[in-house]
Amino acid sequence: MTQLQANQELTDAIEQLYQTLAVPQKIDGHVWYGEDDRAMERRLKKVNRRNVSVADINVLFINNCDSVQSLKYYLPRALDLLAGGERYISEFFVAMKVKQAGFEQWPAPEQAALVRVLRAMNNTGNDWLIAHTVAHFDWINL
């Protein structure tokens, strides 16, 4: 597989993850720190999840995403940013939250979509951060 093909597979895999982990009817489980309790929630409701800022994603995965629905909703954006080389997001917390959300009990299409992203990230082989991100998911059989 060429580098171009590997990068396209990663793009396609992330898009599939966005589609598979579709918008839930309600985002639940919120714990906001450093702001008015509802300010971040109100701000995020106005933003398409594909455009959630790096800072907000990091706060969500460190302080929030205690619910499975919230985690699934924001997971594609977090992995999209990490795949793009964003170093401000904690890949450790992303992987840990997925594990805490009971990945093994997720429906098979959701599991497959995440595994596809991780395999595609692994196949790009062109970035330390991507390799480090995949390594944090070592509890998933790739």
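Numbering starts at 1 and runs along the sequence shown. These numbers come from a predicted model, not from an experiment.
- Nearest heavy atoms, I14 versus A83: CD1-CB, 3.8 Å.
- Taken to the nearest 0.5 Å, the NE2 atom of H136 stands 7.0 Å off from the OG atom of S90.
- Distance alone, capped at 3.5 Å, places no donor-acceptor pair between the D80 side chain and the P76 backbone.
- The CG atom of L81 sits 12.5 Å away from the OH atom of Y88 when rounded to the nearest 0.5 Å.
- Side-chain polar atoms of Q8 and D12 form a donor-acceptor pair below 3.5 angstrom.
- Distance alone, capped at 3.5 Å, places no donor-acceptor pair between the E86 side chain and the V54 backbone.
- V47 and Y73 end up in the same hydrophobic cluster when Ile, Leu, Val, Met, Phe, Trp and Tyr side chains are linked at under 4.5 Å.
- Contact check for V94 versus F137: side-chain heavy atoms found under the 4.5 Å cut-off.
- Checked for salt-bridge contact, R116 and E9 meet the test: a charged N lies under 4.0 Å from a carboxylate O.
- Of all heavy-atom pairs spanning L71 and V98, the tightest one is CD1-N, 3.7 Å.
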Pair L82-I130, side-chain contact (heavy atoms from CB on, under 4.5 Å): steps then yes or no:
CA-CA 7 Å; L82 285 165; I130 289 177; over 6 Å; no
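- Heavy atoms only, all atoms of each residue included: L142 and R119 are closest at O-NE, 3.1 Å.
- Hydrophobic clustering, with ILVMFWY side chains joined whenever heavy atoms are under 4.5 angstrom apart, keeps M1 apart from L118.
- A distance-only check finds no donor-acceptor pair linking the side chain of E91 to the backbone of V134 [under 3.5 Å].
- Using a distance-only test at 3.5 Å, with no hydrogens or angles considered, a donor-acceptor pair links the side chain of R77 to the main chain of V52.
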Apply the test side-chain contact (heavy atoms from CB on, under 4.5 Å) to residues E104 and W139: give CA-CA distance (whole Å), side-chain angles for both, the deciding distance (0.1 Å), then the verdict.
CA-CA 10 Å; E104 294 82 8; W139 46 271; 3.7 Å; yes
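- Side-chain contact annotation: T2 with Q5, donor-acceptor N/O pair under 3.5 Å present.
- The aromatic rings of H132 and W128 lie parallel to each other, their planes meeting at an angle below 30°, with 60° marking the opposite boundary.
- Side-chain N or O atoms of W106 include one that pairs as donor or acceptor with a backbone N or O of A101 at under 3.5 Å.
- Cation-pi geometry between R50 and Y18 is satisfied (NZ or CZ under 6.0 Å from the ring centre, within 45° of the ring normal).
- For the atom pair CD1 of I57 and CZ of R49, the computed distance is 10.0 Å after rounding to the nearest 0.5 Å.
- Minimum heavy-atom separation, L10 to V117: CD1-O, 3.9 Å.
- Here the straight-line distance linking atom CD of E15 with atom OG1 of T20 works out to 9.5 Å at 0.5 Å rounding.
- A 4.5 Å side-chain heavy-atom check between L79 and L17 finds at least one atom pair inside the cut-off.
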